[in-house]
Amino acid sequence: MHFNHYGQDAVLLAVDLANDPPRDAGELVSRCDAAGFVFDADDVGLRDLHKTLEYLERWRAVARAVDEQVRADLLNDLLLHHAAAPRLTDHAGTGWHLHFRDDNVAGWQQICVLISAATALHLTGRGIDRLGECELAECTRVYADVSRNGRQRYCSPTCANRAAVRRHRAARLTAR
């Protein structure tokens, strides 16, 4: 994933991992691979899984924040702890691209940098409100709004439909 690998796919990977945490290191690697993110680390193991899961809880707080300044502060803290100054790299002859991390970092650190930088680019490029927690009361899933109109408020069409049915039923009861 070298073309804009800090873009939409990485933010959607964060949503996927946060909403459905991987159960083991192999699943973590498989899901990252499916999203186009290939680790530079030789071995991704149990420690990487645990550190990634810890990080994802902090990232979820960014997604859940409703105040713009709080969201920015939380994300800035993640960037401070996980990202390095951006630089050009051509490791393994794969073509020149940006990295927001140092070389030779653990797999979990690569994920944290990828997600932190991608989230920052997503929120500054699309809008600070383009990340959130599903508005359906009983749902705790998060979403990244990549829609054209920027009006996503639910994690899935299923939750949006449930909310619409509830609004419809409530309106019918009120009309009686």
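In this text the structure is predicted, and so the values were computed from the model without any measurement.
The minimum heavy-atom distance between Gly107 and Val44, with the atom names listed, is CA-CG2, 4.4 Å. The two atoms that bring Cys32 and Ile111 nearest to each other are SG-CD1, 4.0 Å, heavy atoms only. Between Ile115 and Ala14, the shortest heavy-atom distance links the atoms CG2-CB, 3.5 Å. A pairwise comparison of heavy atoms in Thr52 and Asp48 identifies OG1-O, 2.7 Å as the closest pair. In terms of heavy-atom proximity, Ala18 sits nearest to Leu56 at N-CD1, 4.2 Å. Minimum interatomic distance between Gly7 and Ala118 (heavy atoms only, all atoms of both residues): O-CB, 3.8 Å.
In this structure, Val142 and Leu131 have side chains that are not in contact, with every pair of non-hydrogen atoms separated by 4.5 Å or more. Counting heavy atoms from C-beta on, the side chains of Val146 and His122 come closer than 4.5 Å. A heavy-atom distance below 4.5 Å is not found between the side chains of Leu79 and Val113. Between Leu13 and Leu114 there is a side-chain heavy-atom pair separated by less than 4.5 Å. For the pair Pro21/Leu17, no side-chain contact is recorded, criterion being any heavy-atom separation below 4.5 Å from C-beta on.
Although no hydrogens or angles enter the test, the distance criterion places no donor-acceptor pair under 3.5 Å between the side chain of Asn19 and the main chain of Arg141. Counting only distance, with no hydrogens or angles, the side chain of Gln109 and the backbone of Ala106 share a donor-acceptor pair below 3.5 Å. In this structure, the side chain of His81 engages the main chain of Asp77 through a donor-acceptor pair within 3.5 Å. In terms of modelled atom types and a separation under 3.5 Å, the side chain of Asn161 and the main chain of Pro157 share a donor-acceptor contact. A donor-acceptor pair is defined here as one N or O able to donate and one able to accept, closer than 3.5 Å; such a pair exists between the side chain of Arg87 and the backbone of Arg101.
No side-chain donor from either of Gln152 and Arg130 sits under 3.5 Å from a side-chain acceptor of the other.
Applying the salt bridge (Lys or Arg N to Asp or Glu O under 4.0 Å) rule to Glu138 yields the partners Arg166; only residues at least two apart in sequence or on another chain are considered. Remark: Arg153 pairs with Asp129, Glu135, Tyr143, Asp145 by the side-chain contact (heavy atoms from CB on, under 4.5 Å) rule, at least two apart or across chains. Under the side-chain contact (heavy atoms from CB on, under 4.5 Å) criterion, Leu46 pairs with Leu49, His50, not counting sequence neighbours. Residues satisfying the side-chain contact (heavy atoms from CB on, under 4.5 Å) criterion with Glu27, sequence neighbours excluded, are Pro22, Arg23, Asp24, Arg31. The side-chain contact (heavy atoms from CB on, under 4.5 Å) test applied to Ala163 returns Leu136, Tyr154, Arg167, not counting sequence neighbours.
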message: Go through it in stages, so that I can follow the logic: the residues are Leu74 and Arg58, the test is side-chain contact (heavy atoms from CB on, under 4.5 Å), and I'd like the CA-CA distance, side-chain angles, deciding distance and then a yes or no.
response: CA-CA 8 Å; Leu74 290 168; Arg58 294 181 65 205; over 6 Å; no
message: Evaluate Trp59 against Thr119 for side-chain hydrogen bond (donor to acceptor under 3.5 Å, both in side chains), listing each step before the verdict.
response: CA-CA 9 Å; Trp59 184 85; Thr119 302; 2.8 Å; yes
- request: Mind running side-chain contact (heavy atoms from CB on, under 4.5 Å) on Leu78 and Cys112 for me, showing each step along the way?
  value: CA-CA 8 Å; Leu78 291 179; Cys112 295; over 6 Å; no
message: Pair Tyr55, His82 - check ring pair (Phe, Tyr, Trp, His ring centres under 6.0 Å), show working.
response: CA-CA 10 Å; Tyr55 168 83; His82 298 289; 5.1 Å; yes
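For residues 60-74, the pairs satisfying salt bridge (charged side-chain N to carboxylate O under 4.0 Å, His left out) are Arg64-Glu133, with sequence neighbours left out.
There is a path of hydrophobic side-chain contacts, each under 4.5 Å, that joins Leu75 to Ile128. Neither Leu12 nor Leu123 shares a network with the other; the hydrophobic side chains, linked directly or stepwise wherever heavy atoms of I, L, V, M, F, W or Y lie under 4.5 Å apart, form separate groups for each.
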